[in-house]
Structure formats: structure tokens, C-alpha cells
Amino acid sequence: MISLEDYYDLVGDKVISTIHKKARKILGHHVLHINSTYQGGGVAEILSSLVPLMNDIGIDAGWRILHGNPDFFTITKKFHNALQGDKINLSDKKKSLYLKTNQDFSVYTHLNHNCIIIHDPQPLPLIKYFTKREPWIWRCHIDISNPNPRLWAFLKKMIIKYDHMIISNENYRKPNCAVDQTIIYPVIDPLSLKNKELPEKSINKFLRKFNIPMDKPIISQISRFDKWKDPLGVLEIFKQVKKSVDCRLILCGSMASDDPEGIKIYDKVKKKAKKYIENGEVILITLDNDILVNVLQRISKVIIQKSLKEGFGLTVTEAMWKKTPVIASKSGGIPLQIDHEVNGLLIDPSDMNGFAQGIIKLLKDQKYAERLGQNAREKVSDNFLITRLLEDYMDLITKVLYGI
Ligand code: UDP
């Protein structure tokens with residue numbers, strides 16, 4: 001079982017001792033996280049590390065899942081997109097299924113906790129259906145800088161019942177929403193399968209298993225096949241890079257069951273890259289496998305993240321942690337992580353030539369690439385590890401419970 005002690009060698013005694021100090025006022029308190037999936041997506045990934053760590057330091061932490069049928073998840077996916085700016089037909093039918101699913105869950109769920117933390121919009125309405133006896137926190141993991149106004153007005157009536165709201169970026173702050181708001185940046189777990197150190201033997205085994213040749217430098221984008229991640233743009237950049245440096249491109253994006261658009265984008269990329277796929281210069285991977293992601297982020301000479309829009313960009317954090325140089329778009333949460341030419345390269349998403357030239361430089365100048373990679377590891381170590389999130393939660397729970 002995961003324990004805070006396991007992180008000692010990575011973060012040092014000061015961080016571990018600070019977490020224990022911060023937990024003191026709330027030891028034995030009963031804290032409940034609720035979201036809508038045990039696996040898949042960043043939220044489940046963070047909770048599967050955070051909840052055992054909270055328990056390990058003496059907080060009585062639990063995790064429950066809101067149950068919903070496929071219609072409910074179709075609606076909440078539409079809500080998710082509309083909160084990020086898409087259009088939506090906000091019908092009474094959608095609203096009522098959304099609310100009813102939450103109401104049904106409340107009927108057979110007993111709450112007797114000191115603090116409730118609700119993640120994302122799916123279980124947001126639960127607060128309507130319980131008699132409130134403790135502070136409730138809404139943790140919003142998505143980009144709400146420009147939400148659909150009608151949807152926002154509908155949700156806001158529920159959000160203001162909460163005692164606190166957590167967002168991931170200053171740009172997502174809502175001045176017209178009278179709830180206390182705190183910014184907490186996402187993190188990675190350095191000991192998870194996706195991020196832990198791997199012995200060379202395991203790396204080589206994986207490369208053989210997935211037929212990944214290492215005769216030429218590899219550049220990769222590891223991201224869902226999604227229009228906002230611009231895999232077609234990555235392909236164009238690769239074509240330009242290849243004129244100067246012989247290399248391979250890997251596009252790895254697992255297919256999420258709640259993302260019907262993934263397969264369409266994948267097919268488009270496959271068609272456009274046909275010639276390169278046939279001669280093995282482009283490799284497309286759709287498997288969902290944490291160790292494979294870990295391996296690819298380690299063996300690539302450059303990791304690209306050419307997002308047109310990006311909430312935070314955990315793929316950037318993951319690669320930076322592994323000291324692999326990253327070239328990524330100046331969009332969303334990426335500039336919070338990359339300082340241009342210090343610990344990675346930040347390029348305007350429309351600047352295709354800038355991306356290509358940056359990659360060529362990283363491929364040709366190994367010392368430069370190594371320096372950026374080393375600095376990247378330090379940036380993540382100082383700012384984006386799970387131990388920092390644990391501290392943030394200790395602070396916030398103490399604040400909502402005791403006002404300090
Ligand atoms: N990911 C994965 N397999 C893939 C592609 C992505 O496990 O084939 C993971 C990736 O490692 C990261 C997460 O999915 O942990 C994506 O998070 P990010 O914040 O980069 O983007 P999002 O998909 O949430 O927009």
C-alpha cells in the first residue's frame with residue numbers, strides 16, 4: 001500500500017514533515033471525495049494516489065463514485081464541452097436527467113463526514129439533495145474561462161451553495177461567482193506506473209513487444225486523438241523536420257469510451273500519414289497502457305504537445321519529470337510549466353516553422369536538450385508532485401473547517 005514515506009527519497013524530509021504538521025489540526029477527520037469514475041482520466045488518476053496518502057497521514061479519507069447511465073454521461077460530456085466554450089442545446093430533458101441521477105444517488109448514499117469534496121460537474125448537484133452539516137468543496141478540473149453562459153447560469157445556482165471552489169488556473173477564476181476560490185495546479189505521482197523509474201531491461205522488453213525500432217531518433221506526441229491536440233499539425237511539422245534530420249514520429253493516444261470523436265480524428269491522421277505509416281516512419285498507437293506511456297516519454301528524443309487549447313497538460317508535466325525535452329504550445333496551462341528555453345520550448349500554436357526549427361535544434365544539439373531536460377525535472381520536482389497537492393488539501397480543509 002502506498003505510503004508518504006515512499007516519497008522520502010524524492011522530496012526530502014522537509015516536505016514530508018510539513019505535510020504531517022499541516023495535517024495535525026484535522027487528524028482523524030472524515031473527508032469524502034466524490035467523482036464519477038474509478039479509472040480513466042486525470043481525476044481518477046490523482047484520486048487513486050491522493051486518497052491512500054490522506055489515509056496514510058491520519059485523515060480518514062474515502063472515495064465514492066456517482067453512478068449514472070450512458071445518457072447521463074452523454075449529457076455530462078456535452079456539459080463538459082460547453083463549459084470549455086462549445087455550443088449546447090440546454091433542454092429541460094437534459095437538465096432533469098442530470099439532476100435526477102444525482103438525486104437518486106443521494107437516496108441510497110449516507111453522508112456523515114467532516115468535509116465533502118466534489119470533483120467536476122457530474123456530481124455537482126449532490127449538494128442540493130443532502131442536508132448540509134459540513135463544508136463542501138467543488139473541485140473543478142476543467143477550463144471554465146469561457147463557459148457557455150446559459151449552462152454556467154444553471155450550474156452557478158448550485159455552485160454558490162458550496163463553501164469553496166478549486167480551479168486550476170488564474171484565468172479560470174470567476175469574479176461574478178460569490179464563492180471563495182483557490183487555485184490548485186494539477187500534479188503527477190512520481191511513483192505511479194506512468195511515472196516511476198524503469199529499468200533498461202523493462203524498457204527494452206516493451207520496445208520489442210510493441211515493435212518500436214530505435215535505429216533513428218524518435219519524436220512523440222502522447223495525447224488523445226482530439227482536434228484540440230492537433231495531431232494533423234504534428235504530422236506536418238514532422239514532414240518539415242524530416243528534411244533536416246532523419247527521425248520517426250510516434251502518435252500515441254488511447255481511445256476513451258466517452259469520446260466518440262477520437263476514432264474519427266484517428267482515421268483522418270491515418271489517411272494523411274498513410275505513406276509514412278507504410279514505411280514505418282510514423283507509428284500510431286491507440287493502446288491504453290501506463291507503462292507504454294512511461295516508456296515512450298523516456299525513449300523519445302523530443303516530446304511535442306501541439307495543443308490548440310489545453311487545460312493544464314499533464315503529458316507535458318510527465319515528460320518534463322523524465323528529463324525528456326518538451327516543445328509545446330503557448331496555450332492554456334502549458335506556460336505555467338514551461339519557461340521558454342530554460343526548461344523546454346514554448347511556441348505559438350500557429351507557428352509550424354517555429355515547432356519544426358525547435359525540434360531540429362533539440363535533435364542536433366544534445367547538450368542543449370539535456371540542459372532543458374534537467375531543468376524540466378527540477379521545475380516539476382519543485383511544483384507539480386503529488387506531495388504538494390497533499391499539502392494544498394491539508395491547508396484548504398483546515399481553512400474551510402476552522403477559518404485558518
Ligand atoms: N494518456 C494516456 N495514454 C495515451 C494518451 C494520454 O495514458 O495514449 C494520459 C497522459 O499520460 C496524461 C493524460 O492521459 O496523464 C492526459 O492528460 P492531459 O492533461 O495532458 O490532457 P487531457 O487528455 O486531460 O486533455
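For ligands, and for the atoms within them, numbers begin at 1 and follow the listed sequence.
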Is there a heavy atom in C252 that sits closer than 4.0 Å to ligand 1? yes
For E310, which part has a heavy atom under 4.0 Å from ligand 1: side chain, backbone, both, or neither? side chain
Residues K367, E370: salt bridge by 4.0 Å N-O rule: no
Report yes or no: does a heavy atom of K229 sit under 4.0 Å from some atom of ligand 1? yes
For atom 13 (C) of ligand 1, is there a protein heavy atom at a distance under 4.0 Å? no
So which of L385, L4, V15 actually passes side-chain contact (heavy atoms from CB on, under 4.5 Å) with L390? L4
Below 4.0 angstrom, N of the basic side chain to O of the carboxylate: do K194 and E45 qualify? yes
For R150, does the CZ atom have more than 12 heavy-atom neighbours from other residues, nucleotides or ligands under 6.0 Å away? no
the protein heavy atom lying closest to atom 1 (N) of ligand 1 turns out to be K194 NZ, 4.2 Å
Would you kindly specify which portion of V293 sits under 4.0 Å from ligand 1, judged on non-hydrogen atoms: side chain, backbone, both or neither? side chain
Is atom 24 (O) of ligand 1 less than 4.0 angstrom from some protein heavy atom? no
Under a 4.0 Å threshold between the charged nitrogen and the carboxylate oxygen, would K22 count as salt-bridged to E391? yes
State whether a side-chain donor-acceptor pair under 3.5 Å links Y7 with D189. yes
Under a 4.0 angstrom heavy-atom cut-off, which atoms of ligand 1 come close to T315? 10 (C), 12 (C), 20 (O)
